[in-house]
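Source: prediction; values computed, not measured. Throughout, a chain's letter reflects where its sequence line sits, starting with A, and its residues are numbered from 1.
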2 protein chains.
Amino acid sequence: MLSKETLTKLFPDWEDGLYDAILNEAELKEAKAGTTLLKMGQNIKSAMLVVEGTIKLYQEDETGGEYFMYHLNPGEACAVTLVCNYHHEQSQVLAKAVTDIQYLSIPIAFMEKWLNEFKSWHYFVIKTYRSRYEELLKTIHEIAFKNMDERLEFYILKYVKQFGSIVNLTHQDIANDLNTSREVISRLLKKMEHNGWIVMNRNSFDWIKK
Amino acid sequence: MLSKETLTKLFPDWEDGLYDAILNEAELKEAKAGTTLLKMGQNIKSAMLVVEGTIKLYQEDETGGEYFMYHLNPGEACAVTLVCNYHHEQSQVLAKAVTDIQYLSIPIAFMEKWLNEFKSWHYFVIKTYRSRYEELLKTIHEIAFKNMDERLEFYILKYVKQFGSIVNLTHQDIANDLNTSREVISRLLKKMEHNGWIVMNRNSFDWIKK
DNA sequence: ATTTTAGTGTGATAAATATCACCCAATATA
DNA sequence: TATATTGGGTGATATTTATCACACTAAAAT
């Protein structure tokens with residue numbers, strides 16, 4: 001089980017009572033890398049706070065397409081699950097574990113209660129929304145104004161920032177995340193290789209630009 | 001000046017003290033249709049609550065491109081200006097008045113204060129962020145998965161919902177909002193005309209689909 | 001009434017991306 | 001070791017969107 005100490009490190013801005021509330025009411029869950037944690041259209045029954053590992057958030061198309069938006073890391077929460085009313089809100093996003101993860105699952109019944117009881121929870125919710133709103137703005141900026149080569153670079157840089165400069169993704173993985181085809185990614189990566197930005201291997205490549 | 005009664009109608013969920021605080025601290029401002037209210041990169045000095053008229057929110061490119069995201073209507077607030085810290089936050093969006101507008105301008109010094117004092121303000125901020133987050137998701141969905149013809153239809157439908165079925169926009173206006181060129185819009189509108197979805201006039205067209 | 005300007009129509013062409021077809025090589029599996 | 005599977009390379013072609021060029025017309029300005 002989770003210690004108050006760990007919680008304090010993950011969520012340093014909370015007040016004391018909130019840690020206790022979490023320890024009492026939240027369930028610590030685990031999921032293997034690759035698990036889908038939230039599908040589009042799915043009813044939201046609990047909030048999700050990341051304790052360990054990384055989650056990727058996607059916009060999902062009816063026809064199966066996906067577009068990667070941002071990472072969720074330990075100490076962060078999935079904004080869409082922080083609902084403040086019971087009225088069966090449906091998820092607008094797709095969430096996948098990219099590593100093995102641990103997360104706190106909090107029944108949405110507590111959302112409103114805690115908003116009333118804990119100022120620091122209130123701030124946490126606002127902070128979460130604000131930062132995710134900003135991530136979405138960045139995403140829109142990329143798709144609306146940039147060509148695929150620049151979007152690919154932006155995508156790789158996000159990966160590198162998260163996991164380091166050895167990118168363990170297949171071309172197909174990347175194509176899925178950017179809602180394009182494998183051939184397009186292969187050709188663009190080949191260009192990056194020619195430019196000396198990456199060193200390519202099977203199943204991975206190394207980002208060496210600058 | 002603004003009456004408490006008007007405020008109550010615009011913001012029905014607030015508590016009594018908050019109306020007074022607004023009446024004391026907020027400044028009622030006006031702007032003509034077409035005014036730019038917030039530029040990208042601009043320092044945020046005050047929050048903006050719409051009292052009268054409609055504001056359009058854009059993502060802005062360094063090179064002058066724009067992409068329309070959503071409308072702000074009376075009773076709604078600009079999420080990006082609802083900052084909860086003083087540290088010279090910069091606007092990530094472009095906001096333009098599309099009609100003559102009236103809005104409340106609140107120095108950001110009060111943001112944090114009111115978060116502590118008024119629960120209803122806290123809820124208002126969260127509600128604002130949540131609904132704008134959802135608007136951004138819709139925008140991403142459009143750009144990431146749809147071709148220009150579908151995006152144009154989505155765009156027109158947003159307009160129609162706001163202002164009625166007579167669309168008083170030039171092809172160039174629309175092209176700017178969708179970050180494309182006038183020719184592209186002209187051709188797509190011509191197709192819609194052939195399909196019997198619109199009746200075209202100079203400077204406007206009429207949406208008659210279904 | 002004439003000129004200017006803004007809004008629109010449209011062909012030609014270019015660029016970006018998507019799709020199809022098929023190949024080869026590395027790795028996993030039988 | 002043989003075979004199947006997965007990851008990747010690449011030409012050909014189609015589609016979508018962008019760009020250029022220019023013509024036409026309604027409305028506005030002179």
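In this structure, A:I185 places its CD1 atom 12 Å from P of D:dG8, rounding to the nearest Å. Nucleotide D:dG8 holds its P atom 11 Å from the CD1 atom of A:I198, rounded to whole Å. If you take CE of A:M200 and C1' of D:dG7, they are 10 Å apart, rounded to a whole angstrom. To the nearest angstrom, P of D:dA18 lies 10 Å from CG of B:L178.
Against DNA chain D, the stretch residues 166-177 of chain B makes no heavy-atom approach under 4.0 Å.
Qualifying salt bridge (Lys or Arg N to Asp or Glu O under 4.0 Å) partners for A:E193, counting only residues two or more places apart in sequence or in other chains: A:K190. Under the side chain to side chain contact (heavy atoms under 4.5 Å, CB included) criterion, A:E30 pairs with A:Q102, sequence neighbours left out. Here B:S3 pairs with B:E5, B:T6 under the side chain to side chain contact (heavy atoms under 4.5 Å, CB included) rule; sequence neighbours left out. Judged as a salt bridge (Lys or Arg N to Asp or Glu O under 4.0 Å), and not counting sequence neighbours, B:K161 has no contacts. Every residue two or more places apart in sequence or in another chain that forms a ring-ring contact (aromatic ring centres under 6.0 Å, His included) with A:F124 is listed here: A:F11, A:W14, A:W121. With sequence neighbours excluded, the residues forming a side chain to side chain contact (heavy atoms under 4.5 Å, CB included) with A:N168 are A:Y159, A:I166, A:S204, listed by chain and number. Listed by chain and residue number, B:E153 satisfy the side-chain hydrogen bond (donor to acceptor under 3.5 Å, both in side chains) test with B:K209 (two or more places apart in sequence, or in another chain).
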Set out, line by line, the N/O atom pairs under 3.5 Å between protein and nucleotides 24-30 of chain D.
from	atom 1	to	atom 2	distance (Å)
D:dA26	N3	B:R202	NH2	3.4

Which protein N or O atoms sit under 3.5 Å from an N or O of nucleotides 12-17 of chain D?
from	atom 1	to	atom 2	distance (Å)
D:dT17	OP1	B:M148	N	2.8

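No donor-acceptor distance shorter than 3.5 angstrom exists from the side chain of A:E142 to the backbone of A:T139, with no hydrogens or angles considered. A donor-acceptor pair is defined here as one N or O able to donate and one able to accept, closer than 3.5 Å; no such pair exists between the side chain of B:K4 and the backbone of B:L23. At distances below 3.5 Å, not a single donor-acceptor pair connects side-chain atoms of B:E66 with backbone N or O atoms of B:D177.
Taking the six-membered ring for Trp and the full ring otherwise, the centers of A:H171 and A:F205 sit at least 6.0 Å from each other. Two rings, from B:Y67 and A:H141, have their centers 6.0 Å or more apart.
Where the helix from C:dA1-D:dT30 to C:dA30-D:dT1 starts and where it ends, the local axes point in directions that differ by 30°; five pairs per end, rounded to 10°.
A side-chain donor-acceptor contact under 3.5 Å links A:S46 and A:S105.
A nucleotide of DNA chain C counts as in contact with chain B when one of its atoms lies under 4.0 Å from a heavy atom; the first and last such, 5' to 3', are C:dA6 to C:dA12.
If you find the closest nucleotide of DNA chain C to B:K190 and to A:N179, the one lying nearer the 5' end belongs to B:K190.
With a 6.0 Å cutoff to the six-membered ring centre and a 45° limit on the axis angle, B:K56 counts as a cation-pi contact of B:F68.
Residues B:T81 and B:L38 have side chains in contact (heavy-atom distance under 4.5 Å, counting atoms from C-beta outward).
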